Amino acid sequence: MATFVLRNGEMVDKATGEPMLSAEERARRPQAPQVMGFQAYNCPITGKEIRTLGQHNANMARHGCVEYNEIAKPMGGKIKNHAWAKKRGMKVSEEFRDIATAAKGASDA
């Protein structure tokens, strides 16, 4: 295993003098873990202050609650309504295109 030392402000291999990092490696952004803080809040059910993610998870389980993004979507994220999709600049999901077209044609008649 190589040993590196600081020479002239640069980390180099002690034996060969080769730089520790290549020019390409030095140009990359440093890799670091993403750290997210937790903002304390008062439980809407009990009024007790929740300060940590562990307390939050335990509180949610205790009261039979789930995070909003964990709720199953009834259509599984698929779009069925032609008018709703058109208004939002979206497309109807493939399996509902015939139904949506037929419904649109019926409303035009």
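Numbers here simply count residues along the sequence, with the first being 1. Note that the coordinates shown come from a computational prediction; the quantities given were computed from them, not determined experimentally.
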With E24, which residues qualify under side-chain contact (heavy atoms from CB on, under 4.5 Å), at least two apart? S22, R28

Hydrophobic cluster (4.5 angstrom, side-chain heavy atoms) - remaining members for W84: I79, M90

Is the H56 ring parallel, tilted or perpendicular to the Y41 ring (thresholds 30°, 60°)? perpendicular

When rounded to the nearest 0.5 angstrom, what distance separates CZ in R97 from NZ in K91? 6.0 Å

Say whether Y68 and V66 are linked into one hydrophobic cluster, either directly or through other cluster members, by side-chain heavy-atom distances under 4.5 angstrom. yes

How long is the span from the CG atom in N42 to the CZ atom in R51, to the nearest 0.5 Å? 10.0 Å

I'd like a table of donor-acceptor pairs (distance under 3.5 Å, sequence neighbours excluded) in which one partner is a side-chain atom from residues 3-15, with atom names and distances.
unit_1	atom_1	unit_2	atom_2	d
R7	NH2	K14	O	3.3
D13	OD1	A15	N	2.8
D13	OD1	T16	N	3.4

CD/E25: more than 12 non-hydrogen atoms of other groups inside 6.0 Å: yes

